[in-house]
Protein chains: 2
Amino acid sequence: MRYSPSKENYLKTIFHLQEEEGVVTTNALARALDTSPASVTDMLKKLKTQKLLLYEKYKGFKLSLEGRKVALQIIRKHRLWEVFLVEKLRFGWEEVHEIAEELEHISSKKLVDHLDKFLDFPTTDPHGDPIPDANGKIPLIKQISLRDLPINIIAAVCNISDQSPEMLELLTHKGIGLGTKLEIKKKFSFDNSLELNIRNHQPITISENVARNVFVTHEE
Amino acid sequence: MRYSPSKENYLKTIFHLQEEEGVVTTNALARALDTSPASVTDMLKKLKTQKLLLYEKYKGFKLSLEGRKVALQIIRKHRLWEVFLVEKLRFGWEEVHEIAEELEHISSKKLVDHLDKFLDFPTTDPHGDPIPDANGKIPLIKQISLRDLPINIIAAVCNISDQSPEMLELLTHKGIGLGTKLEIKKKFSFDNSLELNIRNHQPITISENVARNVFVTHEE
DNA sequence: TTAAGTTTTTAGATTTGTCTAAATTTAAAT
DNA sequence: ATTTAAATTTAGACAAATCTAAAAACTTAA
């Protein structure tokens, strides 16, 4: 079955909201898609008749098994294209999202699988997010504090618990943001400070207090 | 300016018909796009108001300078993606057209230019058709008889003048069709027969009589 | 040169995805 | 337990791209 780019975007966004929030609401989805709640309701009805969504009006909704499958394929395409753009076409990791938003709607299954092979079956995208395999299985990634990250494991920043301007100023200065890929090279037991490597940068040092507030994901 | 995939397809198809036929008619365009003449008229009006088309009703039409520019960018994208699919993702040259029909509508200009560089600035696609450069300039290609093709020059079959079943049977057997990329490796002056290389195949031999009826294009 | 035939255009409808404004249902607060 | 507020859905409309059927304009051939 083939779905319109618009429907694919709905499925994908519902999937992401489900992951984060557990429950998805009409308003949250409208906000995420930058559209009106009325439009969302319209689309939900269509997705329901196509059995992509479990939905009763006023009662909330979530993806059906089929809807989840479709969403994961879109996410797979999005992330593989991002890898391609960064690794092969030498884009910066911050500029690939927008382009991948278009590429993810190219339908050919064979294209995606050839691309996957061409890229040598990557398991994470340039932001550190896991790439579902051809069957929609996502490599298990768990979110841990940077303080607990083992040495020499590449991980991606996925959350910053202390969002104060002071913390953000510090992180911006060090070159750390959401999605930054990094690796601990040394832990100093004297004060539990860490020395990190970040893609294409000089090693940097951060305190335990900072590390505690930075959460990262990494492959199992 | 950004145009819908549908408009881009109209512009591209008008361009191709202009090249082949000189004049484009509503019916011919409808046939080429597999749509109704009425739909074509509707779209022509829209393209005219956007100044992409010179068009007076009942008086025929052709692309404006701007329309031509847009068409050439689409064709550029189409052909570059075809090169990518064949050279990098190892698709067969006969299966890439359909996928490139989708990829050609991805909008990012930067993407196309990076892709061009990644592919090392190819001048023809896997079918032997010339690829417009970033300014929309097409490398000059002239059509010549295979008999007159110099040795060791890669060329693409673009026309077969004798379309008899006997000729086609022979060519099919040898693995030659429209778009086949080939190269003469040896000319025998005894009978003017030719030894050819075709992508991924064993060398083959054809008679002068066959060569005379096969037309090829190659870069200048 | 006028009647017949072909091509092109108009008229009116349909589908998809969207909108605003208004109504309805659920949730919260007194 | 009402009232008020918030979230959600309906109603009605619109733009893009398409369709069919019918009208209008061009072409051609007797």
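Residue numbering restarts at 1 for every chain, and letters A, B, ... go by the order of the sequence lines. Bear in mind that the values here come from a model prediction, so they are computed numbers and not experimental data.
- Distance from the side chain of A:K46 is smallest for C:dT18 among the nucleotides C:dT26, C:dT18, C:dT8.
- One interatomic measurement links the two molecules: CG of A:L29 to P of C:dG17, which rounds to 14 Å at whole-angstrom precision.
- Here D:dT10 presents its C1' atom at 7 Å from NZ of A:K45, a figure rounded to the nearest Å.
- Of the two residues near DNA chain C, A:S4 and A:A38, the one whose nearest nucleotide lies more 5' is A:S4.
- The 5' end of DNA chain C is approached more closely, in terms of each residue's nearest nucleotide, by B:E56 than by the other of B:E56 and A:M43.
- Side-chain atoms of A:D125 and A:H78 form no donor-acceptor pair, as typed in the model, at a separation below 3.5 Å.
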Residue pair B:F15, B:Y10: steps toward the ring-ring contact (aromatic ring centres under 6.0 Å, His included) verdict: CA-CA 8 Å; B:F15 180 89; B:Y10 270 86; over 10 Å; no
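- Rounded to an integer number of Å, the gap from B:D42 CG to C:dT15 P is 17 Å.
- Among the atoms of the strands shown, base atoms are found under 4.0 Å from some heavy atom of A:S39.
- Between A:N27 and D:dA6, a side-chain N or O to OP1/OP2 separation shorter than 4.0 Å is absent.
- With hydrogens and angles left out, the side chain of A:Y58 and the base of C:dT24 share a donor-acceptor pair within 3.5 Å.
- In this structure, CE in B:M43 is found 13.5 Å from OG1 in B:T26, a value given to the nearest 0.5 Å.
- Across the protein-nucleic acid pair, B:K7 atom NZ and D:dA15 atom C1' stand 10 Å apart, rounded to whole Å.
- Using a 4.0 Å cut-off, some side-chain N or O of B:Y10 falls inside it from OP1 or OP2 of D:dT18.
- Across all non-hydrogen atoms, the minimal contact from A:K77 to A:S107 is NZ-CA, 4.1 Å.
- Residue B:K57 contributes atom NZ, which lies 10 Å from atom C1' of C:dT8 at whole-angstrom precision.
- OP1 or OP2 of D:dC19 has at least one side-chain nitrogen or oxygen of B:S36 nearer than 4.0 Å.
- Residue-level contact check: B:S6 touches the backbone only, with heavy atoms under 4.0 Å from sugar-phosphate atoms and none from bases.
- Counting to the nearest Å, the P atom of D:dT18 and the CG atom of B:L47 are 11 Å from each other.
- Computed from coordinates, the B:L44 CG to D:dA16 P distance equals 16 Å when rounded to whole Å.
- Considering only side-chain N and O atoms, B:T35 lies nowhere under 4.0 angstrom from the phosphate OP1 or OP2 of D:dA17.
- An OP1 or OP2 oxygen of C:dT9 is reached within less than 4.0 angstrom by a side-chain nitrogen or oxygen of B:T41.
- Between the CG atom of B:L33 and the P atom of C:dT8 there is a distance of 14 Å, rounded to whole Å.
- Residue contacts for A:Y55: at a heavy-atom cut-off of 4.0 Å it reaches the sugar-phosphate backbone alone, with no base atom in range.
- Defined by atom type and a distance below 3.5 Å, a donor-acceptor pair is missing between the side-chain atoms of B:E20 and B:H16.
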